[in-house]
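Accompanying notes for the structure given below.
Values below: every heavy atom of this structure, side chains too, minus hydrogens, waters and symmetry copies. Each chain gets a letter, A, B and so on, in the order the sequences are listed, and its residues count up from 1. Predicted model only: the values in this text are computed from it and were never measured.
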There are 2 protein chains.
Amino acid sequence: MSEPGRPDLPDGTEDAHLAAGARQPTIKTIAAAAGVGVGTVSRVLSGRGYVSLDTRAKVEEAVRELRYRPSAIGRGLKEQRTKNIGLLVADVSNSYYGDFAKGVLAEARHLDRHVIVGSSDDDAAAEREYVELFLEQRVEGIIAFPSSENLGVWREAKELGVNLVFADRVLDGLDVPSVVVDNHDGAYALTEYLIVLGHRRIGYLGGPREVSSGREREQGYRDAHADAGLEVVEELVVPSHFTRRNAFANALRILGAEPLPTALVASNNILGEAAIGAVRHLGLDIPDDLSVVMFDDVPWATLVTPPITVVTQPARRLGREAARLVVRAASAPGSVLVRTELVVRSSAAPPRATA
Amino acid sequence: MSEPGRPDLPDGTEDAHLAAGARQPTIKTIAAAAGVGVGTVSRVLSGRGYVSLDTRAKVEEAVRELRYRPSAIGRGLKEQRTKNIGLLVADVSNSYYGDFAKGVLAEARHLDRHVIVGSSDDDAAAEREYVELFLEQRVEGIIAFPSSENLGVWREAKELGVNLVFADRVLDGLDVPSVVVDNHDGAYALTEYLIVLGHRRIGYLGGPREVSSGREREQGYRDAHADAGLEVVEELVVPSHFTRRNAFANALRILGAEPLPTALVASNNILGEAAIGAVRHLGLDIPDDLSVVMFDDVPWATLVTPPITVVTQPARRLGREAARLVVRAASAPGSVLVRTELVVRSSAAPPRATA
DNA sequence: GTGAAAGCGCTAACAC
DNA sequence: GTGTTAGCGCTTTCAC
């Protein structure tokens, strides 16, 4: 006890963090309590260096007694690095990112790392701000779904020795390890499936062309057409931002085409949600009037009627891999590319007697 | 290649974090570059104390030139606190927590705070581990959906002067500000709505009774019965953990009752998902065979057929409030209690000719 | 107005 | 084996 400084503590006049209580003990406190030097305490805690069993016991006793928790700040300062990693997603409330984050958190915990999270809403300025913040925090690494507009910041972070890992998207001219799914292949599979069913007018509600995954998926859609000797109806291909409002409007635009397409590919879960919302809004039936397929196997895909045919991305696993990559864990590969998988349910059917 | 950038700096001999590049400049670097003392640089950066315009300009120039970012670690050590807050949710991949987190992140950014996130899966040991970690990180505050089993840790954190804010749940015997919805009221509204429609055998798929929100919601369900002069059929009331597997099994259990209940209340989105999945699994029709209502207005609630009647919780707003509370922002209230809102859609209808 | 210096909690190098 | 000490980057007090 004692804690002399407290009887009539100097602060606590106006500002008064009244709530604040006892300070956490420091290594010095422990050293004093155990009757040893701070170096010894440090050695006990880190397990490095020799300490007699007897001394060790005393120190451990004091640690337990005083509920000592080494300060990550003090340690960080000395070691010139933290065990924190930054995670920058586009939207934490999107279940795809949520799943990804879950994977990152699980693996980070396993690797004894801590995760500072940012949600950029795909806004370049917010993204830059978060990266700056991560750099100020001296994070060990950053996992991000990067927008294409901040090449400079990313390059700088890399030069500063921060371990970067990009997810889902890749930036031209910047060699950074990544965890991605085979976007081209996934979109190709979805489109090909519809073509095989007999569809010829297939709408495509895609992501922004500024991001690599958006471009790749669109190319998959196009290549599936080309390989089947089909022309893409450009009017039916519309890129969209991932905001709900935007997505809904764009879905409506595709469904406003004349004649109505007989099928629609949505290139992620938000777009899929919008597509289905728009279809409902117009009173159309799936799959009688229109077949709908999408990227991402979200929980609700099986809850709606009919259940939606999707291409899955193993978000959780990608998150785990990203975490392993970012701490440069034992024998981590340079990048991770995983295949998507087509899960056929019943939201797609052959088109109705085509005229 | 090259990597000569460093003519012959003293370090970088054996240890050589090869990947690491240039170190970030320190305040000393800036002071030297600007030809001033470190104290002056600090004063310029903080805006506290007097600095001549001329000096200020020189310092700012150096800061810009060298892309200086003050180290949060150095500052944290000196100031004995960080601007980090810990956020502990039960499951980041659940869209309710995702929305909540989004609110926290948005407000935190606004308040110049950084958020370290943990996902506990409602596991007490994981929760404890995360709290310890937050304490080691010397976070300024913690926002958590606390389990009931770690009273001790929470009490300790509070005594250590860490600003605590509980969300959704409240712990007996621990006076901590909280952001919660009126759980009792929400469940009452849902149940009463079904009763008014004429239902008498209403299943209740609830959360664990160990958490306050679980208890309160169940009580709301019970009170709605009592106020209508109805008996609760105990067999139809089943608490469930929030894992999908568990929830599904418990939903099935309720739907296995003889005779089948005519309606079902699910007390959160995961349970609602399970309920609907189970109903589909059994080939039952909503609302013809069974009315289904739930807590949480998730995006898919309007996508399924029929759209689900729900009680909404403003998750995002709760997250924002929690962030404000945890930094003890200007005139923040002690706690926040918000009302839920019943959103009637078409998943509930009068029971079929009741025998 | 500004520089010098102390000290925050920790680790590691070096005496003993 | 163990204690002492320097120094990580920063803020703040105190001389000047």
Side-chain angles (χ1 to χ4, degrees), chain A residues 5 10-11 15 23-60 62-63 66-83 135-139 160, chain B residues 9-11 13-15 17 20 23-59 62-63 66-83 135-139 160-161:
Chain A
D11 63 86
D15 191 352
R23 292 249 314 284
Q24 302 221 34
T26 72
I27 198 168
K28 233 154 127 183
T29 325
I30 303 302
V36 303
V38 293
T40 305
V41 177
S42 178
R43 259 169 272 141
V44 170
L45 289 158
S46 67
R48 281 186 283 270
Y50 296 87
V51 185
S52 78
L53 251 58
D54 191 43
T55 313
R56 173 179 301 276
K58 275 192 299 186
V59 171
E60 281 168 348
V63 164
L66 275 55
R67 314 234 59 202
Y68 171 64
R69 291 179 199 82
S71 159
I73 314 179
R75 183 173 292 167
L77 184 57
K78 175 63 191 176
E79 311 215 313
Q80 288 299 292
R81 64 202 164 78
T82 64
K83 291 194 158 197
L135 293 179
E136 284 191 8
Q137 296 282 319
R138 303 297 191 262
V139 296
L160 252 16
Chain B
L9 64 178
D11 64 86
T13 38
E14 38 264 87
D15 191 352
H17 278 238
R23 292 252 313 283
Q24 301 222 35
T26 73
I27 198 168
K28 233 155 131 183
T29 325
I30 303 301
V36 303
V38 294
T40 306
V41 176
S42 178
R43 260 170 272 140
V44 170
L45 289 161
S46 67
R48 281 186 282 271
Y50 296 88
V51 185
S52 78
L53 251 59
D54 193 43
T55 313
R56 174 180 300 277
K58 276 191 301 187
V59 170
V63 164
L66 276 55
R67 317 233 56 207
Y68 171 64
R69 291 181 199 81
S71 158
I73 312 180
R75 183 173 294 167
L77 183 57
K78 176 63 194 177
E79 312 214 315
Q80 287 301 293
R81 64 201 163 82
T82 65
K83 292 192 158 199
L135 293 178
E136 284 191 8
Q137 297 282 320
R138 303 299 192 256
V139 295
L160 253 16

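Proximity of Tyr68(A) to the phosphate of dC10(C): a side-chain N or O atom is located under 4.0 Å from OP1 or OP2. An OP1 or OP2 oxygen of dT2(C) is reached within less than 4.0 angstrom by a side-chain nitrogen or oxygen of Ser52(B). Residue Arg23(B) places at least one side-chain N or O under 4.0 Å from the OP1 or OP2 atom of dG9(D). Remark: Ser42(A) is in phosphate contact with dT11(C), judged by side-chain N or O atoms under 4.0 Å from OP1 or OP2. For Arg75(B), a side-chain nitrogen or oxygen approaches OP1 or OP2 of dT11(D) to under 4.0 Å.
In terms of heavy atoms, Arg69(B) sits closest to Arg138(A) at O-NH2, 2.8 Å.
Closest to the side chain of Arg43(B), out of dG3(D), dT2(C), dA12(C), is dT2(C). Closest to the Glu79(B) side chain, of the nucleotides dG9(C), dT11(D), dC8(D), is dT11(D).
Nucleic acid contact for Gly74(A): base, since at least one base atom lies under 4.0 Å from a heavy atom of the residue. Ser46(B) comes within 4.0 angstrom of no nucleic acid atom, judged by non-hydrogen atoms across all strands.
Two residues, Ile73(A) and Gly39(A), neighbour DNA chain C, and the one matched to the more 5' nucleotide by heavy-atom proximity is Ile73(A). Each of Val38(A) and Val51(A) has a nearest nucleotide on DNA chain D; the 5'-most of these lies closest to Val51(A).
Judged by distance alone, the side chain of Thr55(B) and the main-chain N or O of Val51(B) form no donor-acceptor pair under 3.5 Å.
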